[in-house]
Amino acid sequence: MQRSLKNKKALVGASSNGLGKAIAWQLAGNGATVTLLARNEATLAQLAGALPTPENQQHQYIAADFSDIDAFKSKMDHYFSGNTVDVLVNNTSGPAPGTALEKKDADYVTAFNLLFRTVQYTTEKALPNMIARGSGRIINLTSRSVKEPIEALALSNTIRAAVVTWGKTLATQVAKDNITVNNILTGNFETDRILELYEREAAAKNIPLEEYKKQALETIPMKRLGKPEEMGHLVAFLASEQAAYITGTSIAIDGGLIRSV
Ligand SMILES: NC(=O)c1ccc[n+]([C@@H]2O[C@H](COP(=O)([O-])OP(=O)(O)OC[C@H]3O[C@@H](n4cnc5c(N)ncnc54)[C@H](OP(=O)(O)O)[C@@H]3O)[C@@H](O)[C@H]2O)c1
């Protein structure tokens, strides 16, 4: 289903690959002008030139590193000094895996900068213009782990939960300005990130990767990984006018993986 995002400007984080790329693709296909954000400039330039352009949009990119918070903030200052955003997709790279016993004080600071401060700062820069215009979409990509923590992902469980409660808090405040803020609880999707996690878990359990994958898929009621484009469709819907009354929610897209209600 096509939704018109004509004349909408979208900024999508971690978007040269995986989920972010699929989201950028859907938003562009629905008419939005997309600004991509990731580290590798050559990949970004190539993708910005390849995204769909049904409205003759001119897609752009920002080469920035989420793991250097001060440099990242400078890049955002520079970008927002000359640009506005209608649809902000807060997606970052994932934190290092590891259990609660393995992770130390400094790891939590690093993960907080990566997962929370980059998102909060980008939103802080995007919001004044959204409030002035009386419209906007903020979509935070988190993880199903905020509902059911994953033992091997202590940093993700902890800091993404903060993103969700921050998003909910903000949603209440900006609803009167017709700005929606929603959190997505991501299940397991076919991307490089999930492959890395599966490889790590298979090694930790000392079983072949294929065997681990089989076991992992068995835990998903739909018995398959999500397709990145399925995430793209959800975000395109939340970005659209049709989703104007949906705010402050946390929406799971996980093939039924979360068991709690
Ligand atoms: N896939 C899943 O099943 C799943 C499940 C739950 C949550 N998530 C989370 O969803 C997010 C996206 O995951 P994904 O599966 O799409 O990963 P992915 O396929 O590995 O893509 C990661 C993207 O982030 C960019 N990136 C990596 N490190 C970066 C950095 N330091 N600064 C800026 N950009 C960086 C990469 O491009 P460059 O290398 O060029 O920078 C790439 O565009 C992650 O936070 C992940 O933990 C994923």
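The structure displayed is predicted, hence computed values, not measured ones. Numbering of ligands and ligand atoms starts at 1, following listing order.
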Checking [X] side chain against [Y] main chain: does a donor-acceptor pair fall under 3.5 Å?
X      : Y      : result
Gln57  : Ala28  : yes
Lys8   : Gly31  : no
Glu211 : Pro208 : no

**Message:** Ignoring hydrogens, what is the shortest heavy-atom contact between Leu11 and Tyr79? Give both atom names and the distance.
**Reply:** CD2-CE2, 4.1 Å
**Atom of Asn183, atom of Val164 and distance for their closest heavy-atom approach** = ND2-O, 3.3 Å
Among protein heavy atoms, which sits nearest to [atom], and what does the distance come to when rounded to 0.1 Å?
atom                    : value
atom 3 (O) of ligand 1  : Phe189 N, 2.7 Å
atom 43 (O) of ligand 1 : Ser16 OG, 2.7 Å
atom 26 (N) of ligand 1 : Ser93 CB, 3.9 Å
atom 14 (P) of ligand 1 : Thr191 OG1, 3.7 Å

**Request:** Please determine if Lys73 forms a cation-pi arrangement with Tyr121, meaning its NZ or CZ atom is less than 6.0 Å from the six-membered ring centre and no more than 45° off the ring axis.
**Result:** yes
**Message:** As a quick check of understanding, evaluate side chain to side chain contact (heavy atoms under 4.5 Å, CB included) for Tyr212 and Glu199, giving each step before the final call.
**Reply:** CA-CA 8 Å; Tyr212 180 77; Glu199 279 168 355; over 6 Å; no
I'd like to check which ligand 1 atoms, numbered from 1 as shown, lie under 4.0 Å from a non-hydrogen atom of [X].
X      : value
Thr92  : 11 (C), 12 (C), 44 (C), 45 (O)
Asp192 : 19 (O), 20 (O)
Ala64  : 32 (N), 33 (C)
Gly187 : 2 (C), 3 (O), 4 (C), 5 (C), 6 (C)
Asn91  : 10 (O), 11 (C), 12 (C)
Ile194 : 3 (O)
Gly18  : 16 (O), 19 (O)

When you compare ligand 1 with [X], is there at least one nitrogen or oxygen pair between them that comes in under 3.5 angstrom?
X      : result
Gly94  : yes
Asn188 : no
Phe66  : yes
Leu19  : yes
Thr186 : no
Leu115 : no

Is there a side-chain contact between [X] and [Y], using heavy atoms and a 4.5 Å cut-off?
X      : Y      : answer
Pro95  : Arg160 : yes
Phe112 : Thr158 : no
Val87  : Val89  : yes
Leu27  : Ile23  : yes

For [atom], which of the options [options] provides the nearest non-hydrogen atom?
atom                    : options                      : value
atom 20 (O) of ligand 1 : Arg193, Arg39, Met231        : Arg193
atom 7 (C) of ligand 1  : Leu141, Thr142, Asp65, Asn40 : Thr142
atom 24 (O) of ligand 1 : Pro228, Ala14, Gly13         : Ala14

**Request:** In plain terms, say whether Arg144 and Glu148 are close enough for a salt bridge, that is, a side-chain N and a carboxylate O under 4.0 Å apart.
**Result:** no
**Item:** Plane angle bin for Phe72 and Phe66 - parallel if under 30°, tilted between 30 and 60°, otherwise perpendicular
**Value:** tilted
**Item:** Per-residue contact class, Arg160 against ligand 1 - non-hydrogen pairs under 4.0 Å
**Value:** side chain
**Message:** With the threshold set strictly below 4.0 angstrom, can you tell me whether any protein non-hydrogen atom sits that near atom 22 (C) of ligand 1?
**Reply:** no
